[in-house]
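To start, the structure under review is shown below, and the notes come after it.
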Amino acid sequence: MKICVLRGDGIGPEITAEALRVLEALRSDGLPIETEQALIGGSAVDASGVPLPETTLTLAREADAVLLGAVGGPQWDGLPRDQRPERGLLGIRKSLELFANLRPAILYPELANASTLKPEIVAGLDIMIVRELTGDIYFGQPRGIEQRDGQTVGYNTMIYSEAEIRRIAKVSFEIAMKRNRRLCSVDKMNVLECTQLWRDVVSDVAKAYPDVELSHMLVDNAAMQLVRNPKQFDVMVTGNMFGDILSDEASMLTGSIGMLPSASLDAADKGMYEPSHGSAPDIAGKGLANPLATILSVAMMLRYTFAQEEAALRIEGAVKQVLADGLRTADIYEEGTTKVGTAAIGDAVLAAL
Ligand code: IPM
Ligand code: MG
């Protein structure tokens, strides 16, 4: 089990440190885990001038799975676009063809009050958002900022091929089959041709999955329904940009984006695992960050890449135990619980493990 660890920037090193302790514990219990670290994002820019060094890409390719902390920070925002930390993240997703991004939004019962929505709206919430990750307006050409008729214009291209839609649709139907067999595909077909194709292809793929109830929803309505009645959803599938936005929205239903893991898979279930949140530069280095999303990303890694369901459940069980014991980082703290820092909640997860 070769794991390439990319700690990244901001809180990245702190949260991956806790996830590494979990991996180390599993290793001493007999799982053949090997880890190797490499640079990505701003720290790679500082060390080598580029956000995704060739050596990092090679190591990631040779590994069975990648664990990533987070990238980015204000000190790199002024750099030319191709040197920004985010380019490293987009580059590794594209280079490893990690087209299927799984972002579960699960509400732990202990955190029902941490959500800004009424507890009865979110209690028992369990949604899986499947976001296409290597296409769409994120990568479409042409793109740029240029002069046209004496005016500066900025432009991007929203584009999907039938094959790209077909493969992400298949992944979503397969996931729906293992859950409650309901899939909602999100598009903007009333305005955008690209997403008319999306709807047509998803509907076609559905023919092979008669047991899955497929519905379609326009993205603006989906954004509204997520806060109006989120429990109507089981699995949602959408393109790269809509998925970016809707997954942040869904994370807040669960109280904190600090709880949400993610998996980005290729066609062979090789994957990169990372928390859904960013590098939180404002709290970096202070020992305040919530490492649970990263630890839960390790659970996803064991489940999806290594087919170690038991070990995955063990980690998830340990996290639930820590929450039940009343330990909270600042982002999920409420009165009557115990506020602790990154390392202390990591200690507690290890003890529960
Ligand atoms: C995410 C992030 C990234 C994205 C950024 C950091 C490039 O927001 O993983 O959701 O837009 O995909
Ligand atoms: Mg995002």
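Side-chain atoms are counted along with the backbone in the values below, which use heavy atoms only and exclude waters and symmetry mates. First listed ligand is number 1; within each ligand, the first listed atom is number 1.
- Of the protein's non-hydrogen atoms, the one nearest atom 4 (C) of ligand 1 is Y138 OH, 3.5 Å.
- Across R182, R181, R179, a single residue satisfies salt bridge (Lys or Arg N to Asp or Glu O under 4.0 Å) together with D234, and that is R179.
- Residue-level proximity to ligand 1 for H277 is absent, since no heavy atom of it falls below 4.0 angstrom.
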Which donor-acceptor pairs under 3.5 Å do the side chains of residues 81-93 make with protein atoms, sequence neighbours left out?
residue: R84; atom: NE; partner: D77; partner atom: O; Å: 3.2
residue: R84; atom: NE; partner: L79; partner atom: O; Å: 3.1

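- In this structure, K94 is positioned above the aromatic face of F139, its NZ or CZ under 6.0 Å from the six-membered ring centre and within 45° of the axis.
- Atom 10 (O) of ligand 1 has as its closest protein heavy atom D244 OD1, 2.9 Å.
- Protein N/O/S atoms found under 2.8 Å from the Mg ion (ligand 2), listed by chain and residue number: D244 OD1.
- Between D248 and ligand 1, a contact under 3.5 Å exists for no N or O pair.
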Show your reasoning for whether salt bridge (charged side-chain N to carboxylate O under 4.0 Å, His left out) applies to E316 and R303. CA-CA 11 Å; E316 289 163 354; R303 173 170 297 126; 2.9 Å; yes
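- In terms of the side-chain hydrogen bond (donor to acceptor under 3.5 Å, both in side chains) criterion, E14 has no residue partners (sequence neighbours excluded).
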For side chain to side chain donor-acceptor pair (under 3.5 Å), just list the numbers for T305 and D269, CA-CA rounded to whole Å, side-chain angles, deciding distance to a tenth of an Å, and then say yes or no. CA-CA 6 Å; T305 293; D269 286 345; over 6 Å; no
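- Pairs passing the ring-ring contact (aromatic ring centres under 6.0 Å, His included) check and including a residue from residues 145-179, sequence neighbours excluded, read Y160-W198, F173-Y209.
- A cation-pi arrangement is present between R167 and F99, with the terminal nitrogen or guanidinium carbon under 6.0 Å from the aromatic centre and inside a 45° cone about the axis.
- Of the candidates I15, I11, V349, P291 forms a side chain to side chain contact (heavy atoms under 4.5 Å, CB included) with just one, namely I15.
- Looking at R103 against ligand 1, only its side chain comes within 4.0 Å, counting heavy atoms.
- Contact annotation for R93 and ligand 1: only side-chain heavy atoms (C-beta onward) come within less than 4.0 Å of the ligand.
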